[in-house]
Amino acid sequence: MKDPEVQKNRKVSFDINEHILNRWSPRSFSGEEIADGDLFSLFEAARWAPSSYNNQPWRFIYAKRNSEHWSHLFDLLGDFNKQWCDKASALAVIVARKTFEHNGQPSFTHQFDAGAAWENLAIQATSQGLATHAMAGFDYDKARKVLEVPDEYEVMAMIAIGRKGPKERLSPELQQREVPTDRKPLGEILMLGKFGNSAGT
Ligand SMILES: Cc1cc2nc3c(=O)[nH]c(=O)nc-3n(C[C@H](O)[C@H](O)[C@H](O)COP(=O)(O)O)c2cc1C
């Protein structure tokens, strides 16, 4: 079933799984508590992402709203993100191990692998009626210190997790942006055989 906002704003060229299309990044969250079981299913989904050598470089440091850990993550955010993140049910920082566990060599795909895990998490959330919003707008150096991230891990992103709230709660500027975004046409990103060759889509 398509979210009505998605129905209005997103058109696919070819059929896809509905949860992929229904996933978008709202800024209005309801402020509800999230049960551990619901939250942990998201990280369970992330756990099953593929990775180079099955190295599983992703790690998630989370905090639920109204918990003692919340401010450690929330205080890292930039002012723009702080203005809407305060109603998220949980925040999580994704960090990725830069080396392979089996030989200590650098992994050139740790970011790619962590990205796959994040997307699994986001699609799982959509399937549970929850929303996620990834963020790069926070202090990465401070995150490393405050969250005691070891040197062999790189801080990737922060995610807000919760149930979508009414957009009227947002400032007029943010209300305007509270809409599922569009994408480049498939013909611009798909190439047959060589960079720049049209795939005829
Ligand atoms: C790695 C990453 C960092 C992002 N950083 C921010 C951010 O700091 N603040 C924000 O409001 N949105 C942020 N976004 C949300 C993107 O703007 C959003 O995903 C993009 O416009 C596509 O829209 P959609 O997720 O609703 O489909 C980020 C998304 C990603 C994946």
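These figures come from a predicted structure and were not determined experimentally. Heads up: numbering here begins at 1 and tracks the sequence. Read the numbers this way: they start at 1 and go in the same order the structure lists the ligands and their atoms.
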> Has N103 got more than 12 heavy atoms of other residues, nucleotides or ligands less than 6.0 Å from its CG?
Replying inline: yes

> Is it the side chain, the backbone, both or neither of F138 that has a heavy atom closer than 4.0 Å to ligand 1?
Replying inline: neither

> Should the proximity of R183 to ligand 1, defined as any heavy atom under 4.0 Å, be assigned to the side chain, the backbone, both, or neither?
Replying inline: side chain

> Considering only the protein, which heavy-atom contact is closest to atom 20 (C) of ligand 1, and what is its distance?
Replying inline: T181 OG1, 4.7 Å

> Can you tell me if CZ on F80 sees more than 12 non-hydrogen neighbours from other groups inside 6.0 Å?
Replying inline: yes

> Considering only the protein, which heavy-atom contact is closest to atom 18 (C) of ligand 1, and what is its distance?
Replying inline: S25 OG, 4.1 Å

> Heavy-atom contacts under 4.0 Å between M156 and ligand 1: side chain, backbone, both, or neither?
Replying inline: neither

> Would you say G137 has any N or O atom under 3.5 Å from an N or O of ligand 1, going by distance alone?
Replying inline: yes

> Under a 4.5 Å cut-off applied to non-hydrogen side-chain atoms, are Y62 and V93 in contact?
Replying inline: no

>> Can you check atom 1 (C) of ligand 1: any protein non-hydrogen atom closer than 4.0 Å?
In response: no

>> Using a 4.0 Å cut-off to any heavy atom of R23, which atoms of ligand 1 qualify?
In response: 24 (P), 25 (O), 27 (O)

> For atom 6 (C) of ligand 1, which protein heavy atom lies nearest, and how many Å away is it?
Replying inline: A134 O, 3.3 Å

> Should we say atom NZ of K8 is surrounded by more than 12 heavy atoms from elsewhere, each under 6.0 Å from it?
Replying inline: no

>> Determine whether any protein heavy atom is located less than 4.0 Å from atom 31 (C) of ligand 1.
In response: yes

>> Any nitrogen or oxygen of W118 lying under 3.5 Å from a nitrogen or oxygen in ligand 1? Just yes or no.
In response: no

> Less than 4.5 Å apart, any side-chain heavy atom of E178 and any of L170?
Replying inline: yes

> So does F112 have more than 12 non-hydrogen atoms from other groups sitting under 6.0 Å from CZ?
Replying inline: no

>> Within the 3.5 Å criterion, strictly below it, is a donor on D113 or T109 matched to an acceptor on the partner's side chain?
In response: yes

>> Any non-hydrogen side-chain atom of F29 less than 4.5 Å from a side-chain atom of W84?
In response: yes

>> What protein heavy atom lies closest to atom 5 (N) of ligand 1? Include the residue and the distance to one decimal.
In response: A136 N, 2.9 Å

>> Please check: side-chain N/O of R59 versus main-chain N/O of I94, any donor-acceptor pairing under 3.5 Å?
In response: no

>> Within the 3.5 Å criterion, strictly below it, is a donor on T181 or R183 matched to an acceptor on the partner's side chain?
In response: yes

> Of all the non-hydrogen atoms in the protein, which one sits nearest to atom 9 (N) of ligand 1, and at what distance?
Replying inline: N81 OD1, 2.8 Å

> For atom 11 (O) of ligand 1, which candidate among R27, R10, M135 provides the closest heavy atom?
Replying inline: R27

>> Closer than 4.0 Å to some heavy atom of W24 - which atoms of ligand 1 meet that?
In response: 26 (O)

>> Using a 4.0 Å cut-off to any heavy atom of F80, which atoms of ligand 1 qualify?
In response: 11 (O)

>> Checking a contact table here: which protein heavy atom is nearest atom 16 (C) of ligand 1, and how many Å away?
In response: H133 NE2, 4.7 Å

> Between the side chains of E173 and S171, does any donor sit under 3.5 Å from an acceptor?
Replying inline: no

